Number of protein chains: 2
Amino acid sequence: MKISTVSKQSGLSADTLRYYERIGLLPEVNRSENGIRDFNELDVQRVEFIKCMRRAGLPIDVLIHYFALVQQGHRTIEARKEILVQQRALLVARMKAMQQTLDLLDHKISVYDDVVLKTEMEIAPLEE
Amino acid sequence: MKISTVSKQSGLSADTLRYYERIGLLPEVNRSENGIRDFNELDVQRVEFIKCMRRAGLPIDVLIHYFALVQQGHRTIEARKEILVQQRALLVARMKAMQQTLDLLDHKISVYDDVVLKTEMEIAPLEE
DNA sequence: GCTTGACTTGGAGTCAACTCCAGGTGTTAC
DNA sequence: GTAACACCTGGAGTTGACTCCAAGTCAAGC
């Protein structure tokens, strides 16, 4: 599977995919004789996993560390789980903060709605 | 209220507060005769609002634009509401993506739990 | 009167995460 | 055979959001 295909499928640019490989977030992808990358199913799965984690704000270095542990086999299972648990906690905290922001936005929007409604009813002119 | 106080209260560094003023995210804060910033209640409220929005990932330029509209008075109410509604939608989308990541993390963690449990029961050695 | 500490400024530096570019190769279409 | 196109590389540039720094001012404590 060529990089353009993976790019289209994943929505990540070819540049980003090459960048991910370069920094060791993706493993060295196989090449066809002419040197062109040939992503296999596992590579694509990894891209999807990375995409999902990145979208939620997990930093790249954490992911690199995680995959390095995966590489080292079963004796790193505890450490890997620890990383996931920790990142989960950070994620939950971020989501909580975002929920508060959402509540505030909803409040503000409803206030604007009220104001607009009043204006439309021409009850009074408004100043800031 | 001096910058150090606002910094402590808000958790934003004095450098960040000055930076916010410099780029026009905060209005020009009043100064005491010797040129030292003296934040008033409104400034502090704005800092809190900014903090909340930034934590949720709203970009600085959007906030600058929003405050510029506030500055222009009541005729910009519709436009301001539009910004909030749009940012709200983006926020909800981000939260949704994060929820998916959270689900995936939970799944992965539970798989690791199973593996660890099995290992501890010495049912079998594990390979990657 | 001198040190200490908090404040000021303009400007430069840093960081994460891309993103772009120039110059080169290899395959396909006419 | 040559133009168009997708790919390659190493390296530089960009973006957003800070963060740090040097050099200076001022008030308070000793």
Side-chain angles (χ1 to χ4, degrees), chain A residues 1-40 43-44 46-47 49-67 87 90-91 94 97-98 101, chain B residues 1-40 43-44 46-47 49-67 87 90-91 94 97-98 101:
Chain A
M1 202 178 212
K2 279 185 293 181
I3 201 165
S4 58
T5 316
V6 180
S7 170
K8 259 164 227 155
Q9 244 179 55
S10 67
L12 302 175
S13 76
D15 266 324
T16 298
L17 292 169
R18 278 189 289 257
Y19 165 70
Y20 281 174
E21 183 183 348
R22 168 155 55 170
I23 61 172
L25 182 50
L26 286 176
E28 299 220 339
V29 175
N30 282 339
R31 307 296 183 107
S32 41
E33 332 77 50
N34 48 22
I36 290 181
R37 286 178 185 78
D38 183 21
F39 289 74
N40 64 28
D43 295 328
V44 173
R46 184 134 152 191
V47 167
F49 179 69
I50 291 167
K51 202 180 98 186
C52 181
M53 295 300 129
R54 287 290 308 125
R55 250 185 351 190
L58 275 73
I60 282 183
D61 56 0
V62 169
L63 297 177
I64 290 176
H65 183 204
Y66 177 79
F67 289 126
Q87 291 302 317
L90 294 172
L91 179 52
R94 281 200 297 276
M98 288 167 97
T101 305
Chain B
M1 202 179 211
K2 279 185 293 181
I3 201 165
S4 57
T5 316
V6 180
S7 171
K8 259 164 227 156
Q9 244 179 55
S10 67
L12 301 175
S13 75
D15 266 323
T16 298
L17 292 169
R18 279 189 289 257
Y19 164 70
Y20 282 173
E21 182 183 348
R22 167 154 55 170
I23 62 173
L25 182 51
L26 286 176
E28 299 221 340
V29 176
N30 282 340
R31 307 296 183 108
S32 41
E33 333 75 51
N34 47 22
I36 289 181
R37 286 177 185 78
D38 183 21
F39 290 73
N40 64 29
D43 295 328
V44 173
R46 183 135 152 191
V47 167
F49 179 69
I50 291 167
K51 203 179 98 187
C52 181
M53 295 300 129
R54 287 292 305 125
R55 250 184 353 190
L58 274 75
I60 281 183
D61 56 0
V62 170
L63 296 177
I64 289 177
H65 183 204
Y66 177 79
F67 289 125
Q87 291 301 316
L90 293 172
L91 179 51
R94 280 200 298 276
M98 287 167 97
T101 305

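Here is how names work: the chains are called A, B, and so on, in the same order as the sequence lines, proteins then strands, and each is numbered from 1. As the structure is a computational prediction, the values presented were derived from the model and not from experiment. Note: hydrogens, waters and symmetry copies are ignored here, and every other heavy atom, side chains too, is used.
S4(B) and S7(B) share no side-chain donor-acceptor pair at under 3.5 Å.
Nearest-nucleotide assignment on DNA chain D puts the 5′-proximal partner with R22(A), out of R22(A) and T16(B).
Taking the charged nitrogens against the carboxylate oxygens, R46(A) and E21(A) have no contact shorter than 4.0 Å, which rules out a salt bridge. Taking the charged nitrogens against the carboxylate oxygens, D15(A) and R18(A) do have a contact shorter than 4.0 Å, which makes a salt bridge.
In this structure, L63(B) atom CG and dG16(D) atom C1' are separated by 13 Å, rounded to whole Å. In this structure, I36(B) places its CD1 atom 7 Å from P of dC7(C), rounding to the nearest Å. Rounding to whole angstrom units, CD1 of residue I64(A) and P of dC18(C) are separated by 11 Å. For I23(A) and dT19(C), the CD1 to C1' distance is 13 Å, given to the nearest whole Å. The separation between Y19(A) atom OH and dC8(D) atom P is 18 Å, rounded to whole Å. Atom pair E33(A):CD and dT25(C):P shows a separation of 18 Å (rounding to whole Å applied). Atom pair M53(B):CE and dA17(D):P shows a separation of 15 Å (rounding to whole Å applied). The nearest whole Å value for the distance from the CG atom in N34(A) to the C1' atom in dG24(C) is 14 Å.
Y20(A) places a side-chain heavy atom less than 4.5 Å from the side chain of L12(A).
An OP1 or OP2 oxygen of dC18(D) is reached within less than 4.0 angstrom by no side-chain nitrogen or oxygen of S13(B). The side chain of Y20(A) contributes an N or O atom lying less than 4.0 Å from OP1 or OP2 of dC18(C).
Which of dT9(C), dA17(D), dA6(C) sits closest to the side chain of R37(B) comes down to dT9(C). With dC18(C), dT8(C), dA27(D) as the choices, the nucleotide that has an atom nearest any side-chain atom of R54(A) turns out to be dC18(C). Among the nucleotides dC18(C), dA27(D), dT27(C), the one closest to any side-chain atom of I60(A) is dC18(C). Among the nucleotides dA6(C), dA27(D), dT9(D), the one closest to the side chain of R31(A) is dT9(D).
At the heavy-atom level, R18(B) lies under 4.0 Å from base atoms of the strands shown. Note on I3(B): only backbone sugar-phosphate atoms sit closer than 4.0 angstrom, heavy atoms only; bases stay farther off.
Between the R94(A) side chain and the A56(B) main chain, no donor and acceptor come within less than 3.5 Å of each other.
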